[in-house]
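Okay, structure first, notes after.
What's counted below: heavy atoms across the whole structure, side chains too, no hydrogens, waters or symmetry copies. When a ligand or atom number is given, it counts from 1 through the structure's own listing order. Along the sequence shown, the residues carry numbers beginning at 1.
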Amino acid sequence: MSVNIPIPQDRPVRVRVAPSPTGDPHVGTAYIALFNKAFAEKHGGRFVLRIEDTDQKRSTAESEQAIFDSLRWLGLDWHEGPDVGGPYGPYRQSERTEIYRAHAQRLVDEGRAYHCFATAEELAEMRETALAEGRRTAYDRRYRDLPREEVERRLAAGESHVIRLKMPLGGSTRVKDGLRGGIDIDNAELDDQILLKSDGFPTYHLANVVDDHLMEITHVIRAEEWIPSTPKHVLLYEAFGWQAPVFIHLPLLRNKDKTKISKRKNPVSLEYYRTTGYLPEAMLNFLGRMGWSMPDEAEKFDYAQMVEHFDFGRMSLGGPIFDLDKLDWLNGMYIRELEPEALVARLQSWLLGSGYLAEVAPLVRERIKRLGDFVPSTTFFFGPFDALPPEQLLPKKVEQADAYKAMKSVTDAIDAVATWDEASIEATLREQVEVTGLKLRDLFMIVRLAVTGQKATPPLFESMAVIGKARCQYRLREATHALKP
Ligand code: GLU
C-alpha cells in the first residue's frame with residue numbers, strides 16, 4: 001500500500017496514547033501504544049501518555065496504576081506522562097478541567113458554540129420525533145439562536161445547561177486518514193456536538209482535541225473505532241482555527257471469528273498475559289504483527305528491529321486476528337532462546353519470586369507437612385490448566401444447564417468487580433447465590449473447581465484474591481464454556 005504520512009520538518013514528531021482508566025489494562029491499549037512509540041522513535045520524536053479520566057464515575061486510581069504497570073512491563077514507557085511529568089502537563093485530564101472550560105467559553109464568545117438548556121424530557125421528545133421522521137440526527141437545535149438576553153437570564157437563574165458546538169448546517173467535512181485517504185461526511189448527519197456537559201466536565205471530544213493541540217501532538221494514532229468521532233474533531237479544530245494533526249486509525253484486533261476482540265472470546269487484560277507467563281518481548285512481537293509486517297515478512301522480530309523498519313506503508317487494514325496459538329508459538333521460541341540463568345531470572349520475576357510466594361505461602365502453611373508438599377498443593381496458583389470436563393465440574397443433583405447459566409452469571413459478576421480483594425470477591429459470590437438460585441455449597445464448589453481445578457483447596461476467596469482477577473476471569477470463562485450443554 002502506498003501511504004504518505006507527512007512528517008513536519010519544523011517541529012518534532014509528538015504522539016500519544018490516551019487510555020481511559022476505567023477497567024483492566026487492555027491489550028488494545030498496548031497495541032496502540034506500541035505503534036505510537038515505534039513511530040515516534042523512528043522519527044526521533046516523543047511518546048506521551050495521557051490519562052483520559054473525564055468519565056469521573058468510571059475512572060479509578062487502581063486502573064490508572066494498572067495501565068502504568070502493564071505498559072512498563074512491556075517496555076512501552078513514555079517520555080511524558082502523569083507520573084513522569086513533562087513540559088506540557090498536567091497529563092491527567094481531570095486536572096485540566098479549567099482549561100477545557102476556558103476553551104468552551106472562548107467558542108461561545110466567538111459565536112461558534114452556545115448554551116443549550118434542553119431538559120431530559122425535551123431531548124427524549126426530540127429523539128422520538130427524529131425517529132418518526134427517519135432522521136439520523138436527533139437534536140433540533142432549538143437553543144442555537146436564542147437571544148443573548150434570554151441566555152443571560154437563564155444562566156443567572158441557574159438553569160442546567162450544556163455547551164454545544166454550532167456545526168455547519170450544510171456542505172460536507174473531509175476527514176483524512178493517513179492509511180485510508182479522504183472520507184467526506186455530510187454535515188447534515190452531525191448533531192450540534194456537546195462540548196461541555198451539565199456538570200461542567202468536558203466531553204471526550206473537547207478534551208481530546210484541546211489536549212492534542214496544546215500538547216502539540218503531530219500524529220493521532222488510534223484505533224479504528226474512533227473514525228466516526230473524527231469528523232467532530234476536525235470541525236472542532238476548524239472552530240478553534242487550529243491545524244488538525246494527521247489521523248492514523250489502526251485496524252481493530254479481532255477474535256478468530258473476525259468479531260471485534262472481546263473478553264468473551266479472548267483474555268483482553270494485559271494482567272492475564274503477564275501472570276500466565278508470556279514474555280514481554282514475545283507479546284510486543286505478537287502485537288507488532290497485528291496488521292504490520294517486516295519487509296522480509298519475518299514472523300519473529302524484536303522491538304528494535306520493528307523501529308528500524310517502521311513504516312505505515314507496511315500496514316494492512318484487513319482486521320488482524322488475535323490468535324493465541326500464534327502467541328504461544330512465539331512465546332515458546334523466545335523462551336527457548338533464554339540461557340538457563342536468564343530463564344531462572346524470568347521465572348523469578350514472574351511468579352516464582354519472593355513477592356508472590358509470600359502471598360501464597362500463608363494460604364498453604366497449615367496444609368503441608370514437608371516443604372516439598374508446597375509444590376503439588378499450589379500448582380493452580382502458578383500454572384495454567386485446562387478446564388475440567390462437565391462431569392467433574394458438576395456437584396451431585398445439579399443439572400448441567402443450571403450450572404451453565406449460573407456460571408455465566410458468576411463470570412459477568414466477577415468481570416464487574418472493581419477492587420479485587422477478598423471482601424469484594426466474597427460479597428460478589430454470595431450475591432450470586434441469591435441471583436442464580438443454586439445452593440451456596442454447590443455454587444462455591446463449581447467456582448472452586450473452575451478456578452483451582454481441585455475439590456479441596458485453601459480458602460476460596462483468599463485464593464482467588466491471590467491468583468488475581470485476570471486469571472480467575474479466564475478460568476471461570478473456560479469452565480463456563482466446558483459446561484455449555
Ligand atoms: N480515551 C480514548 C481511549 O480510551 C482515546 C482515543 C484517542 O486516542 O483519541 O481510547
Side-chain angles (χ1 to χ4, degrees), residues 5 13-40 45-60 62-68 70-71 76 78 80-82 88 90-97 99-100 175-180 193-195 197 201-237 240 242 244-253 260-263 268-270 287 290-291 312:
I5 307 289
V13 163
R14 290 178 55 81
V15 297
R16 76 335 185 249
V17 65
S20 297
T22 53
D24 306 310
H26 199 277
V27 283
T29 301
Y31 171 57
I32 299 295
L34 169 64
F35 279 74
N36 272 283
K37 184 164 170 159
F39 177 74
R46 306 272 288 177
F47 170 55
V48 176
L49 171 64
R50 183 170 75 226
I51 292 291
E52 299 211 326
D53 57 349
T54 51
D55 185 342
Q56 295 277 296
K57 280 196 218 89
R58 294 177 57 231
S59 299
T60 65
E62 282 114 324
S63 170
E64 181 184 290
Q65 189 58 47
I67 291 171
F68 295 166
S70 49
L71 291 181
L76 296 173
W78 40 98
E80 299 166 30
Y88 295 81
Y91 294 91
R92 201 179 271 117
Q93 290 190 326
S94 58
E95 293 165 20
R96 300 172 63 84
T97 38
I99 302 177
Y100 310 128
V175 176
K176 278 194 269 170
D177 176 280
L179 302 178
R180 294 171 180 76
Q193 57 168 308
I194 298 179
L195 304 178
K197 297 181 272 191
F201 279 92
T203 53
Y204 152 70
H205 308 292
L206 176 68
N208 189 269
V209 164
V210 167
D211 284 351
D212 283 342
H213 175 72
L214 295 180
M215 295 181 183
E216 298 189 23
I217 298 302
T218 53
H219 300 77
V220 166
I221 304 167
R222 62 183 169 196
E224 196 170 53
E225 62 190 326
W226 298 102
I227 291 180
S229 298
T230 311
K232 294 185 178 180
H233 298 181
V234 169
L235 287 168
L236 252 176
Y237 283 103
F240 280 117
W242 295 336
V246 177
F247 294 103
I248 297 167
H249 289 95
L250 299 184
L252 280 185
L253 305 182
K260 173 182 164 186
I261 193 170
S262 68
K263 62 182 166 209
V268 292
S269 164
L270 290 167
L287 292 172
M290 295 289 128
F312 274 116

Please round to the nearest 0.5 Å and tell me the distance separating atom CD1 of I51 and atom CD of E95. 10.5 Å
Return the option from P21, A223, A207, S20 holding the heavy atom at the smallest distance from atom 4 (O) of ligand 1. S20
Are any of the side-chain nitrogens in E64 or R92 under 4.0 Å away from the carboxylate oxygens of its partner? yes
Only heavy atoms of N208, strictly under 4.0 Å: list the atoms of ligand 1 that pass. 7 (C), 9 (O)
Check the angle between the aromatic planes of F312 and F39 and answer parallel, tilted or perpendicular using the 30° and 60° thresholds. tilted
Identity and distance of the protein heavy atom lying nearest atom 8 (O) of ligand 1: R16 NH1, 2.6 Å
For a salt bridge (Lys or Arg N to Asp or Glu O under 4.0 Å) with E80, tell me which candidate from R16, R14, R50 qualifies. R14
Any side-chain heavy atom of F247 sitting closer than 4.5 Å to one from K176? no
For atom 1 (N) of ligand 1, what is the nearest protein heavy atom, given as residue, atom name and distance? E52 OE1, 2.6 Å
Using a strict 4.0 Å cut-off to heavy atoms of R222, name the atoms of ligand 1 that fall inside it. 7 (C), 8 (O), 9 (O)
Counting both backbone and side chain atoms, is some N or O of A18 under 3.5 Å from an N or O of ligand 1? yes
